[in-house]
Each structure stands twice: as structure tokens, then as C-alpha cells.
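Both ligands and their constituent atoms are indexed starting at 1 by order of listing.
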Amino acid sequence: MTVATKSKSQPAAASVNARQLMDELNADAGKLNIWVRTELNAPAQRAWFSDTGGTTGAGQLAKSGRVAANQLKTLPCHWRWKDYGPFLERIEAIAKRADVSPIEFADRQSILLTNPGLGGRLQVTTTMRTAVSIYTPGDVAPAHIHSANASRTILSERGGYTNVEGERCEAVRGDLIITPNGTWHDHGNDSESSVIWIDMLDWPLLEVLDCAWVDMDYRGAGAESNSKIQRTVHADGYSGRLYGHGGLKPTFVSHQRGWGHNPDAMVHYRGADVREALDGLRREKGDAYEGIQLQFVNPVTGGPVGSTLDYAAQLLRPGEETLPKRETSSTFMVVMDGEGYTEVGGQRFDWRRNDIVVMPNFLWRRHVNTGRKDAVIYTTSDAALLRNIGQYRAQGKTKDGSVVQLVS
Ligand SMILES: [Fe+2]
């Protein structure tokens, strides 16, 4: 088949309003689930960013957005503890006087953070879902297993637990408890005070991939039938005893927990260990873009704790300012200590303890510790996923404003 082309020099026999006709064509095609390129809907064809890593430092988020209904983009966003904390207090108050506990009829006692750029979806970025949960004394979240990778970052001083494949993990502020995909886990609180923690999941990513699923029918580890909780096989601290001595890996256990092809070994990272490690490095120069930063790693592979989500903790010393950086990954941060601000995409977010900020991919951002004490920030990003699919890049700006490739 040949396609006839009209010579540019040849005038049209009868001029028509091509723009209008193309839009009418698109309207007709839509009834058959077909979409036609027109001038009017052109923004829906554009990439979010026009520069691919040059040296101009451009790449701001398109101001006009896109016109197609389903085109969504993660926006910078800030959730203050003074704003979201009271909702957890109100849930706690309801639970204390409840005829039926909210965790019974709502499955969890949580607030979920919704990014204003994502149309009300239950996600903070295109790949991550965040809940902040409260477990009052006596609460139990039954044993279950799912395809999503998940974690808890503990905000309360102590209280509550997560049992991961029989390992009892007592929750203490600053702890990071991982539930790799395909691990049975249950949560609860048998202490005398409520516990609050942040749940991070790669759930939206799995929804895109159409492989998000959950199974609640726990029958393992001595359970006779659909038990609500797992029997504790390994006492609190098992992960630390196995892997908590840097550079030493036990040879007598399988490092595989959960599903997947890579070992998912350690599930409980202690906040006290994180803080001690950061403090021990405070006199080092650190990174111009991240300060003193430590990545939570899988002790068997040396890589990120999972194949999708990447976790890190960073120390910003009093007065420390980082230089602007941007990455192809999106980052969620929670302030574990201190006060300061983060600039992202031209917006400034002043933060304090327990505040949360989302930094969308490829927007310039930098942190400043304005306090007289250390600031400690935990981050969760989808950098692990992007590295795995060959899409992770990062750029920084020098003090004079020129752009340098950090990872290309
Ligand atoms: Fe879960």
C-alpha cells in the first residue's frame, strides 16, 4: 500500500477547518475506545519533562498540566504532624469508647495520605502508598500475606509489634520493620499504650502491574485453621543477632524470606543502631547533597532491602544545607528529629519532628537544618525499582549553579 502525499506547493482545492474536523474525528473515535492525535489534546502526548539531563537545569513541572482526564502527576506535598496527628488521637478516642472496635470493621485504624496531584487515589507517589496507623492496647491485625512489599517506620516511643514469618519485632521509635512480599505477617499491640507507625507499600506499582493481591487464610506455623496471629518462632532481635554485626553473614540459615528470586534476609532495623551509626560518622564530611546518609541494605546482597523500595536515614548537622539534587525516583521523607526546611520544585516546606514531605521525581530539592540540634530524616524512594529497570539517574547543582551528573 502506498500513502499519497500532498505537495506543500499545491494549494488545497477547498480549504477545510482541519483542527475542528480532527477534534470531531477524535470525539467519534472515543466511542470505540480509540484516541486521535489533535492539536487540542496535544498536551496529553507530551512528556512531563523536556530535558533529558542536559546542563541547563530546566525540567520544572509543566505548569499547565495535561488535558486528558487520566493524566496525573505527583506533586510536592507536606503533611504536618500537628495536622495529621490529631486524626490519630481522634481514632484512638473512638476506639476507647467503641461498641465495636474500628480495627474490627475497618480492617485497620489508619489514615492514608493522598497526594493532591493524583486525583484522590490512595497513594503519595505513582509507586508508593502511605498509611499512618494507630494500634490501641489489645488491637490485632490478623496474619496475612500479600504481593506488595511493605514496611513500618515506628513513630511512637515504644509499643506494639509486627510478627514477620515467626520473628517477633517489638516496635521502638526509629525502627524500620520490613515485610518483604510474600511473607506472612501480623501486627498487634499488647502493651499498655497506643503505638503509631508509618506503613509504606509499593501497592500502586503492583496495581499498575495488575498483580496486587492479599491472602488472609493463614494456616502455617502450628495454626490449625485460619489463625489470627502467628506463633513466635524467633524472639525479638533475631534479625539483629543474625545480621547485626557488619561484614559477618551466618552460614547456617537460609536467607530467603518471602517470595522472589533475591534473598530477603533482615526484617528489623533498630532505630537506636541507626542513630548510633549516624552519630559515629558526624565528623565526616558527608555528601554535599545528602549530608551524612546511610542506606538500609539487605545484609546478604548489599543492595536495597527490596527490589522496589529503597530506604535511607540521614543526619543534617546544625546549620547544614545541602546542595540542590534531583533524581528520576520519587522520595517520601519523614522527620525523625530536628527542624528545618526542604525546598522542592520551588516550594518551601518548613518541617519539624514527625512531619512528612513528598518529593516527586526530577524536581530540584534541597534540605536545610535550621535548628540548633541535629536533624534526622528517614526516606523511602522507588530508586531500587528504577535502578533495576535501568532508569535511575541523578543530577546535582554545584555552588555556582552549574548542573553535574551524579548518576547517569
Ligand atoms: Fe500487610
Fit a plane to each ring of Y84 and W81, take the angle between them on a 0 to 90° scale, and name the class: parallel (under 30°), tilted (30 to 60°) or perpendicular (over 60°). perpendicular

Which atom of H146 is nearest the Fe ion (ligand 1), counting N, O or S only? It is NE2

Would you please indicate yes or no on a ring centroid separation below 6.0 angstrom for H367 and Y341? no

Set of residues satisfying side chain to side chain contact (heavy atoms under 4.5 Å, CB included) with respect to L248, sequence neighbours excluded: H245

Trace of the salt bridge (charged side-chain N to carboxylate O under 4.0 Å, His left out) decision for R108 with D199: CA-CA 11 Å; R108 294 288 186 278; D199 304 274; over 6 Å; no

Can you name the N, O or S atom of H185 that is closest to the Fe ion (ligand 1)? NE2

Which single N/O/S atom of H144 lies at minimum distance from the Fe ion (ligand 1)? NE2

Using 2.8 Å as a strict upper limit, say whether an N, O or S atom of H187 approaches the Fe ion (ligand 1) that closely. no

